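Single-structure report; data block below.
Bear in mind that the values here come from a model prediction, so they are computed numbers and not experimental data.
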Amino acid sequence: MATSNENNPLSVVVVLVPFLAQSHLNQLLQFAHVVSSSYDIPVHYISSKPQISQVKSRASNPLNQLTKIHFHGYEIPLPHAQTTDLFSKTNNAEEEICRVKASKHLREPVEVLIKSLSQNSKRLVVVYDVLMSWVVQDVVSLQNAECYSFHCVSVFFGLAVTQKLDHMIHIPIPTVESCFPALFLDFFSSQLKLPISDFKSGSLHNTCRAIEGSSIEILRNEERKLNRKVWAIGPLHKMIITDCNEDKRLMEWLDEQEVNSVLYISFGSLISLSDEQIREIAIGLEESGVKFIWVLREGDKLVDLGKRLSQVPDGFEERMKGMGMVVREWVPQVKILGHSSTGGFMSHCGWNSCMESIGMGVPLLTWPMQSDQPFNGLLITRVLKVGVAVMEWEERDELVTSSMISRGVRRIMGSDSEEGDEIRKRAVEMGVAVKRSVAEGGDCRSEWDSFIAHITR
């Protein structure tokens, strides 16, 4: 095991460089926690100052568990965009790429830091989000450094966009052009052409064999041809739910409900819905007669602090008292999904949310909105068959009506739904398999041990 003394020339130091988005930040924070706490290896976590503050405040781990991590928050100019959503249809091209432009300012301070750290370590290990290739490209000049790309998306998505799934599945796959703005695709393409893509020693993926076994094997076979290793080290969310006093109101309400009776609804940290769409969701929930927790937040903003809160129709919350709760602040999603009363999750199909829901054995109502989400939705509904679609990707430009919502809710939550019973059964079985993978001797632990053994060899 590596020593935690950074001045020891035999030590290994790990540097993590996440992309400036909550889901990416959080996954690499969990990664940092495992490396620093379970393997006692020094970890340096790099981002902008606002993102460091944000990810700490939303960490599922208590802050006293993160003291072994060295945080480096840098001042970078943030664009004057109204949203940090790269993919919002309401943004112009300049706004869509604002995170990318902001992240590029990290290259110089990152170069200074990694050069300094490399002088005091036998081996400097840089783990970088694939969207931050530009920022870490100077690592190729360091003789004692090696780097590994980190992938916050499903392996299924990666194989689908590179057309390596054609022989494995026989369902229509969305085009990347329909899921990403052209500017983002151009940016990502430019990242892949940097020298660091050839310099890297392998890749790390937030997934596990219990969920994506066949996809992982396809990827491993492809990467083996390039002499690169692949590690599936997920799920990176907190699998063991501990008792704490936070969000007491939510948890007490869940405690009072029947098993599998509550639908959890959340569309992640970037999505903002129109008033018309919010109204349809509210009507659909009321028509379905299902109990719910609905997290209704505006997507994270870089600047726009004065925007009003999203509003449900007048009288909705009063009518739904006892039946449901509308929550407008950050909530402990994994804890809610892990509660016995939670029986379904209406989700935008971000990979974090998919992994958390599957890991807790909770079936999904899929509502993809952008980026990799349509591919994840297909994986959930058509391949793993642990969820049903609220809407199909072909319907993305249409309003999702209250009847579509209530119909989907009844399919997955209805006590008399044979389809729902089968989906719930598969979800529970997969959740058990995922939990088994993170236990002592499980696949996830083996992958972690393999990666640590490799970088400390």
Side-chain angles (χ1 to χ4, degrees), residues 82-83 85 87-91 174 178-179 261-301 307-329 331 333 336-337 342-350 353-354 357 362-371 373-374 376-378 380-381 387-414 417 419-420 423:
Q82 294 302 303
T83 178
D85 184 353
F87 313 102
S88 171
K89 295 172 187 174
T90 62
N91 294 342
S178 71
C179 303
S261 65
V262 177
L263 176 68
Y264 173 63
I265 306 148
S266 176
F267 300 112
S269 58
L270 291 180
I271 304 298
S272 296
L273 300 172
S274 68
D275 288 344
E276 186 180 17
Q277 188 61 81
I278 290 170
R279 178 178 177 277
E280 292 298 316
I281 295 172
I283 295 171
L285 289 174
E286 195 164 356
E287 288 176 349
S288 73
V290 169
K291 294 183 177 181
F292 63 87
I293 291 176
W294 181 6
V295 181
L296 181 57
R297 308 173 55 253
E298 286 294 332
D300 288 339
K301 302 293 186 291
K307 190 174 178 69
R308 67 175 179 79
L309 290 172
S310 299
Q311 296 296 320
V312 294
D314 289 342
F316 174 75
E317 290 183 77
E318 289 73 18
R319 291 194 303 276
M320 292 293 101
K321 267 187 182 167
M323 282 296 294
M325 302 176 69
V326 179
V327 186
R328 290 184 171 84
E329 62 269 7
V331 301
Q333 180 162 291
I336 292 171
L337 291 170
T342 304
F345 180 13
M346 186 185 294
S347 170
H348 63 310
C349 300
S353 290
C354 291
S357 197
V362 176
L364 289 112
L365 272 163
T366 63
W367 187 340
M369 300 189 183
Q370 61 190 26
S371 59
Q373 296 162 16
N376 298 335
L378 279 180
I380 294 296
T381 59
V388 299
V390 175
M391 54 82 75
E392 301 292 348
W393 186 237
E394 295 75 21
E395 303 169 299
R396 62 189 177 276
D397 293 325
E398 302 172 17
L399 182 72
V400 178
T401 64
S402 58
S403 60
M404 293 167 67
I405 292 162
S406 61
R407 183 167 60 247
V409 171
R410 290 191 184 107
R411 284 177 67 191
I412 202 91
M413 299 291 291
S417 168
E419 177 190 29
I423 289 172

Evaluate side chain to side chain contact (heavy atoms under 4.5 Å, CB included) for Leu263 paired with Lys291, printing each intermediate quantity in order. CA-CA 6 Å; Leu263 176 68; Lys291 294 183 177 181; over 6 Å; no

Before you tell me yes or no, could you show the steps for Leu273 and Ile281 under side chain to side chain contact (heavy atoms under 4.5 Å, CB included), namely the whole-Å CA-CA distance, both residues' side-chain angles and the distance that decides it to 0.1 Å? CA-CA 10 Å; Leu273 300 172; Ile281 295 172; 3.7 Å; yes

Steps toward side chain to side chain contact (heavy atoms under 4.5 Å, CB included) verdict (Glu280, Val400): CA-CA 7 Å; Glu280 292 298 316; Val400 178; over 6 Å; no

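For Gln277 (side chain) and Ser274 (main-chain N/O), no donor-acceptor pair under 3.5 Å exists by modelled atom type. Side-chain N or O atoms of Thr381 include one that pairs as donor or acceptor with a backbone N or O of Gly377 at under 3.5 Å. Listed for the Ser406 side chain is a donor-acceptor partner under 3.5 Å among the backbone atoms of Ser403. No donor-acceptor pair closer than 3.5 Å links the side chain of Gln373 to the backbone N or O of Trp367. Side-chain atoms of Asn376 do not come within 3.5 Å of backbone N or O of Gly350 as any donor-acceptor pair. Of the possible donor and acceptor atoms, none in the side chain of Ser347 sits under 3.5 Å from a partner among the backbone N and O of Thr366.
Shown here are the side chain to side chain donor-acceptor pair (under 3.5 Å) partners of Glu394, two or more places apart in sequence or in another chain: there are none. Residues that satisfy the side chain to side chain donor-acceptor pair (under 3.5 Å) test with Glu286, not counting sequence neighbours, are Arg319. With sequence neighbours excluded, no residue forms a ring-ring contact (aromatic ring centres under 6.0 Å, His included) with Trp294.
Taking all atoms of both residues into account, the shortest heavy-atom contact from Ile412 to Gly387 is CD1-CA, 4.2 Å.
In this structure, Ser371 and Cys179 have side chains that are not in contact, with every pair of non-hydrogen atoms separated by 4.5 Å or more. Annotation: side chain of Phe267 is in contact with side chain of Met369 (closest heavy-atom distance under 4.5 Å). Residues Met413 and Ser288 fail the side-chain proximity criterion, which asks for heavy atoms closer than 4.5 Å. Side chains of Gln333 and Ser266 form a contact here, defined as non-hydrogen atoms less than 4.5 Å apart. Looking only at side-chain heavy atoms (C-beta outward), Val312 and Met320 stay at 4.5 Å or farther from each other. The closest side-chain heavy-atom distance from Ile265 to Ile293 is not below 4.5 Å. Residues Leu285 and Val290 fail the side-chain proximity criterion, which asks for heavy atoms closer than 4.5 Å. No side-chain heavy atom of Val327 sits less than 4.5 Å from a side-chain heavy atom of Leu296.
Under the 3.5 Å distance criterion, with hydrogens and angles disregarded, a donor-acceptor pair is assigned to the side chains of Ser178 and Trp393.
Between Tyr264 and Phe345, the ring planes lie tilted relative to each other; the angle falls in the 30° to 60° range.
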